[in-house]
Amino acid sequence: MLPAAEQLGADVIEEYLDRGESAKTVDRPQFQRMFTRIREQRDVDYVILDKVDRFARNRRDDANLMFEMKAAGAQLISVKENIDETPAGELLHAIMAGSLSSTAGTWALRPSRG
């Protein structure tokens, strides 16, 4: 993520890593710490992540979180996907968020293999 921050001319103020936690829920300790900072301190310009699937795998969570981020002045940056705040970037994000939600739902419906 550091090269992406450098490319944006941004200073990394903190890294939030939820190792071993699935993005299928937003109830991840570090993720919640990050959003608390975004909401309360409003000192985050960019949230840089490897891929969108590390953000949220539920369309509603994704849309709500994106709304909150924009309201606080923060922008989501994906290192591996061309997601930005242009109309094309927002469309790509919406398609990917819907696809991730659908994939997560499909996996949930599969019977356990034992």
Is there side-chain contact between [X] and [Y], with heavy atoms separated by less than 4.5 Å?
X	Y	value
Ile83	Ile77	no
Leu8	Ile48	yes
His93	Val52	yes
Leu65	Val26	yes

Of all residues at least two apart in sequence or in a different chain, which pass the side chain to side chain contact (heavy atoms under 4.5 Å, CB included) check with Arg42? Ala72
Please enumerate all residues that pass side chain to side chain contact (heavy atoms under 4.5 Å, CB included) together with Pro29, with sequence neighbours excluded.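 If we apply the side chain to side chain contact (heavy atoms under 4.5 Å, CB included) test to Pro29, skipping adjacent residues, the hits are Asp18, Glu21.
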I need the full list of salt bridge (Lys or Arg N to Asp or Glu O under 4.0 Å) pairs touching residues 63-74, with sequence neighbours left out, sorted by first then second residue.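 Every pair satisfying salt bridge (Lys or Arg N to Asp or Glu O under 4.0 Å) with a residue in residues 63-74: Arg39-Glu68, Lys70-Glu90.
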Pairs where residues 77-87 contributes a residue and the test salt bridge (Lys or Arg N to Asp or Glu O under 4.0 Å) is met, not counting sequence neighbours: Asp50-Lys80
If hydrophobic clusters are built from ILVMFWY residues whose side chains come within less than 4.5 Å, do Ile13 and Leu76 share one? yes
For the atom pair CZ (Phe55) and CE (Met69), what is the distance rounded to the nearest 0.5 Å? 5.0 Å
Arg28 CZ to Arg19 CZ distance, which is reported to the nearest 0.5 Å: 14.0 Å
Give the minimum heavy-atom separation between Val44 and Ala74, together with the two atoms involved.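 Result for this residue pair: O-CB, 3.4 Å.
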Indicate the atoms forming the closest heavy-atom contact of Asn82 with Leu92, along with that distance.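 Answer, listing the atom of Asn82 first, then Leu92: O-CD2, 3.5 Å.
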Please check: side-chain N/O of Thr36 versus main-chain N/O of Gln32, any donor-acceptor pairing under 3.5 Å?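 Yes; judged by distance alone, with no hydrogens or angles, the pair exists.
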Closer than 3.5 angstrom, by distance alone: can the side chain of Asn58 be matched with the main-chain N or O of Arg60 as a donor-acceptor pair?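 Here the side-chain-to-backbone pair exists.
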Residues in ring-ring contact (aromatic ring centres under 6.0 Å, His included) contact with Phe35, at least two apart in sequence or another chain: Phe31
Audit row: Ile38, Val47, side-chain contact (heavy atoms from CB on, under 4.5 Å) steps and yes/no: CA-CA 9 Å; Ile38 290 170; Val47 172; 3.7 Å; yes
Residues in salt bridge (Lys or Arg N to Asp or Glu O under 4.0 Å) contact with Asp43, at least two apart in sequence or another chain: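 Per chain and number, Asp43 pairs via salt bridge (Lys or Arg N to Asp or Glu O under 4.0 Å) with Arg37.
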